[in-house]
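One structure below.
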Amino acid sequence: MPKFAIGQKWTSKTEPELGVGRIIKQDFRTITLHFPASGEQRIYNSKGEPPLNRYILKLGSKAVPIKGTALFVEEIAEKEDGLLYYMSKGKSISEALLSFKPQGEDSSSEILDKLLAKVFSGNFDFCLRERAAKLRGIWKLSIARGMLGPRLRLLPHQLYLSFRASRGISLPRLMLSDEVGLGKTVESGLIWNALQTEGRIKRTLLIVPEHLKNQWLIEFGKRFNHWFTNIDEDYIFEHRKHNPDLQDVFLHHDNVICSLEFLLENRYMAAAALEVQWDLLIMDEAHRLVKTSQGANAEYALAEEFSQKIPGLLLLSGTPIQLAPEAYFYRLRLLDNARFQNWEEFEKNQDSYRKIAKDLSKIPLDSDEELSWDALQKSIPKNSPIRSWMPIKADLSLTASEWMRRVIDALGTGSSVFRNTRKSVKGFPRRVLKTYPLRESEVRSGEWLCSFIREHKKDKILLICSGSDEVSALFALLREKFGEEAAVVFREEESSLERDKAAAAWMQPDGPNILLSSEIGSEGRNFQSAQHLVLFDLPEDSSLLEQRIGRLDRIGQGEEIYIHVPFAKKSKTEMLYLWYHEALGIFEHSLMGGGEMYAKFESELKDYLENPAKKYNQFVKEFLPRGKKEMLLQSKKAEEGRDRLLEFNSQNKKISDELLAEAQKMDLNEELLPFAFDMLERQDIDVQKGIYPDSFVLKGEPEQPEHATLLGVENTRSFENGEVSESDGCSITVVTSRETALSYENVGFFHWEHPVMQRLFDKALSDDFGDTACVVCDFVPPGEILAQYNFILEFSVNARWGINYLFGERFLSVIIDSKGNLQNDLAEALNTMPLKNSKAADILYSDLEYFTTEGFETAKNSLENAIKKIAEETEKRVISILESELHRMEETYMLLRSFELGQSLDQKKKDIIACKKSLENPKLRLNGVRILCAT
């Protein structure tokens with residue numbers, strides 16, 4: 001493990017475009033590097049092996065201090081302070097005082113030195129390096145970068161939301177308020193993943209209700225390949241065994257999940273969390289954060305403290321504004337306290353916004369066709385004030401849809417809130433309810449269930465009940481009636497790995513047709529293999545019931561799902577069924593406002609359920625009608641206040657179609673997996689066909705530490721108390737198909753952004769792998785010698801701009817002969833014919849000397865026009881996007897006249913200037929040289 005010290009200079013293995021960085025901060029577990037050339041900072045874990053190379057000048061090179069006289073390096077020494085000192089003729093310069101632009105230092109010198117010394121890698125390694133450079137270039141230029149790796153079905157509304165949230169100039173501060181079942185958790189994870197991939201965030205804090213913590217852990221772990229550290233009472237107990245001081249608990253981990261209840265009950269832990277410099281805060285069930293003019297609850301007060309210190313904030317809540325407008329305003333204030341300053345003013349603005357929304361109500365917003373200026377003009381009333389804001393004539397550089405979005409941003413909450421509904425997002429199945437009134441003895445004996453299974457022996461069935469004891473009893477019954485392979489169980493008692501294996505066995509076409517699950521099966525799991533859901537009992541909380549149904553009620557499931565509810569007559573279960581069916585209507589439709597209904601009727605409902613025999617009739621005659629009436633009022637209120645403009649602004653068909661097409665194209669890339677398997681073979685990792693469709697087992701040697709590092713198995717843990725393992729010894733199982741990955745959640749989705757794939761890219765492009773080669777080619781004339789130079793073109797981009805994907809990196813290649821003539825027409829033949837490694841002994845030193853000096857310069861100069869064209873095309877795209885965002889902000893500013901927005905405008909203008917400068921000086925970095933000899 002390297003010894004780090006402030007002042008040391010390092011370069012990034014994974015982001016060489018950052019340039020040379022200097023350690024500016026160090027604590028017991030992290031180091032912070034500043035990279036002046038790109039204006040970036042990165043934080044690395046100093047306890048492991050961070051992806052860094054020590055920056056060391058070579059002997060004979062020129063060391064230029066920030067101040068003072070330069071010297072030519074004759075000797076290098078590392079002293080007790082951990083710094084390198086460059087010495088010559090009694091003088092020395094500490095690396096801490098070294099200029100970041102040492103004169104005469106060439107990043108290509110190491111490769112050229114190897115070439116001159118006839119130090120060659122094999123051609124296989126050279127080709128792997130070349131393939132890695134091309135593939136990584138494709139990935140870095142992808143508009144869908146950061147959205148490709150998660151184990152998700154590609155849904156347009158989710159892709160668009162992730163794109164818009166992660167590509168802004170500032171870290172997102174948004175409320176995700178989709179209806180239940182549309183994937184708020186997934187959306188927040190996609191945003192998090194995109195921001196992580198772009199290098200815009202390092203530390204994330206996730207605060208969720210205690211009963212949802214397990215679900216969030218599983219969602220992020222299995223969908224986004226990252227397991228957050230669960231800090232709770234058990235964690236603190238273990239921590240205190242080694243360190244009684246709890247002040248640094250949160251500093252040990254970059255991504256942490258805590259329950260809201262835990263932080264409220266342990267204020268000293270909340271205080272410790274507030275001391276950490278988090279980049280992003282995600283809070284679920286934000287409707288629990290309540291503040292009005294009368295005061296705030298403890299949950300809101302805590303959220304307010306965190307929101308004032310953390311730049312990125314995602315609040316998740318399906319509760320629309322109509323159900324609690326003042327509390328809604330104060331949640332918006334957490335996101336943007338400059339814009340949402342005064343409740344009374346907000347009410348007035350909302351009144352104005354509703355009038356504008358009414359004026360725009362006839363616009364065909366739900367159409368798949370792009371909104372035209374003509375349709376917009378015809379749909380707006382002649383006396384509407386909105387006409388005064390419209391362009392005098394159609395602005396061809398601005399679509400009518402984009403103009404609409406700017407108005408919504410400025411006058412509504414469109415820049416802070418995103419909301420999709422089932423009416424605006426298509427693809428959900430229809431819920432079909434089947435009920436089975438039974439005698440109590442029929443339920444207890446399992447008679448009905450056995451009969452049901454016989455009728456549906458060709459179907460996949462998911463059964464959920466609240467307790468694992470019930471699951472065990474049903475499991476024993478079915479094994480007795482139908483044999484050992486009749487069913488599988490999914491309970492808390494089993495480990496995550498055991499539950500995964502059970503679900504995978506059930507999903508097999510010839511596997512058991514029923515999966516018996518306790519309540520843990522309702523926590524974020526995808527069970528779309530089934531169309532039949534048996535609710536063997538019913539929970540008292542409607543949100544939990546909706547969660548159960550949501551295991552099957554998903555986009556892409558098919559036309560129908562069947563919900564089967566058996567119950568004993570006049571029992572607690574029948575009363576709950578009647579409450580959910582007749583009052584709330586949850587079995588046929590997704591529930592809206594269920595939390596408010598539960599809060600209002602909870603106490604009374606529990607009272608009825610305690611004594612079904614005595615209170616059944618009163619429950620049916622009095623309680624159900626009141627509940628139904630209240631639910632109708634809630635639904636009517638929500639529908640009347642449905643913000644179609646906000647829903648319109650939460651989607652963008654043009655961008656989402658582009659994202660979807662790009663993601664699908666990347667899924668179909670035919671070069672990625674062959675590269676990965678070749679690279680794994682080169683690392684002596686055995687690749688075997690797995691037992692699942694499209695699956696492979698990547699198996700390393702346990703005694704080889706580098707294998708464990710590459711496969712990531714040293715960081716995999718069993719999912720007990722919130723941790724997981726998908727490995728077996730020094731091996732992991734992966735699937736290569738997105739569709740298969742959705743069905744088999746116990747194995748990794750081996751794709752562009754899988755950690756192993758990224759490590760393979762890093763290894764293939766590292767300094768010591770395949771950067772030189774010497775081969776024999778049939779097409780090289782006798783006595784001639786050629787050189788192929790592979791370059792990577794990079795731009796220094798500030799990650800804060802959120803547009804790294806527009807810059808990316810380009811792979812460029814040049815072939816020249818020993819006289820400096822270009823031979824690029826041979827590139828195609830070079831890629832198709834078999835090449836053999838050549839002995840370098842016969843190559844003249846003079847030829848190699850030419851290729852490391854004049855020939856190298858000739859190769860670089862030959863690319864000037866190509867580089868200029870790439871820079872111009874990139875500038876056109878980048879400036880177009882930045883200026884479009886600038887115009888959007890300017891129009892919002894003209895309507896709101898916000899001081900803070902004015903400051904953001906100034907910053908945006910500065911960014912455009914800085915962006916143009918970065919495009920003026922792209923960096924051409926030598927990635928490899930291959931000598932081509934005659935046979």
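Computed from a predicted model, the values in this text were never measured in an experiment.
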E347, CD: over 12 other non-hydrogen atoms inside 6.0 angstrom =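 Result for CD/E347: enclosed.
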When you look at NZ of K309, are more than 12 heavy atoms from neighbouring residues, nucleotides or ligands closer to it than 6.0 Å?
->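 Yes.
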Donor-acceptor contact below 3.5 Å, side chain [X] vs main chain [Y]:
| X | Y | result |
| --- | --- | --- |
| S307 | E304 | yes |
| Q634 | K629 | no |
| N337 | R333 | no |
| S166 | I191 | no |
| S379 | L376 | no |
| S384 | I380 | no |
| R331 | H287 | yes |
| Q547 | S522 | yes |
| N652 | I655 | yes |
| K184 | D178 | yes |

Using a distance-only test with no angle check, is there a side-chain donor-acceptor pair under 3.5 angstrom linking [X] and [Y]?
| X | Y | answer |
| --- | --- | --- |
| N420 | E647 | no |
| W216 | T185 | no |
| S293 | E326 | yes |

Under a 4.0 Å threshold between the charged nitrogen and the carboxylate oxygen, would [Y] count as salt-bridged to [X]?
| X | Y | answer |
| --- | --- | --- |
| E546 | R431 | yes |
| R288 | E261 | yes |
| D553 | R548 | no |
| E305 | R267 | yes |

Please step through side chain to side chain contact (heavy atoms under 4.5 Å, CB included) for the pair H157 and S650, ending with a clear verdict.
-> CA-CA 8 Å; H157 74 282; S650 298; over 6 Å; no
Say you draw a straight line from [atom1] of [X] to [atom2] of [Y]; how long is it, rounded to the nearest 0.5 Å?
| X | Y | atom1 | atom2 | answer |
| --- | --- | --- | --- | --- |
| S259 | K213 | OG | NZ | 5.0 Å |
| S162 | R167 | OG | CZ | 7.0 Å |
| L264 | E210 | CG | CD | 11.5 Å |
| L217 | L212 | CG | CG | 11.0 Å |
| Q196 | F224 | CD | CZ | 12.0 Å |
| L578 | L584 | CG | CG | 12.0 Å |

Would S542 and Y580 satisfy side chain to side chain contact (heavy atoms under 4.5 Å, CB included), going step by step from the backbone distance to the final call?
-> CA-CA 7 Å; S542 58; Y580 289 136; 3.7 Å; yes
Shortest non-hydrogen contact between [X] and [Y], atoms and distance:
| X | Y | value |
| --- | --- | --- |
| K202 | D279 | N-OD2, 2.6 Å |
| A663 | L154 | CB-CD1, 3.7 Å |
| P539 | L545 | CG-N, 3.7 Å |
| L263 | A270 | O-CB, 3.8 Å |
| N342 | F329 | C-CZ, 3.4 Å |
| V417 | L332 | CG2-CD2, 3.3 Å |

Heavy atoms, side chains only, cut-off 4.5 Å: are [X] and [Y] in contact?
| X | Y | answer |
| --- | --- | --- |
| W278 | T204 | no |
| Y353 | L645 | yes |
| L281 | I207 | yes |
| R153 | R554 | no |
| S188 | I282 | yes |
| L260 | M283 | yes |
| E604 | F623 | yes |
| L315 | L313 | yes |

Measure from NZ or CZ of R422 to the centre of the six-membered ring of F428, then state whether that distance is under 6.0 Å and the direction lies within 45° of the axis.
->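 Verdict for F428: a cation-pi partner in R422.
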Cationic tip of R405 within the cone over F648's six-membered ring, i.e. under 6.0 Å and within 45° of the normal?
->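 Yes, a cation-pi geometry.
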Dump the intermediate steps for side chain to side chain contact (heavy atoms under 4.5 Å, CB included) on E345 and F340, then the final yes or no.
-> CA-CA 9 Å; E345 190 67 28; F340 303 104; over 6 Å; no
Classify the angle between the aromatic ring planes of Y300 and Y330 as parallel (below 30°), tilted (30 to 60°) or perpendicular (above 60°).
->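 The rings of Y300 and Y330 stand perpendicular, inter-plane angle above 60°.
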Under the ring-ring contact (aromatic ring centres under 6.0 Å, His included) rule, what do W192 and F228 come out as? Steps first, then yes or no, please.
-> CA-CA 12 Å; W192 173 86; F228 275 57; 5.6 Å; yes
Could you walk me through whether E187 and R223 pass salt bridge (charged side-chain N to carboxylate O under 4.0 Å, His left out), step by step?
-> CA-CA 11 Å; E187 289 166 354; R223 292 188 183 279; over 6 Å; no
Steps toward side chain to side chain contact (heavy atoms under 4.5 Å, CB included) verdict (T197, R145) | CA-CA 8 Å; T197 303; R145 179 184 169 197; 3.8 Å; yes
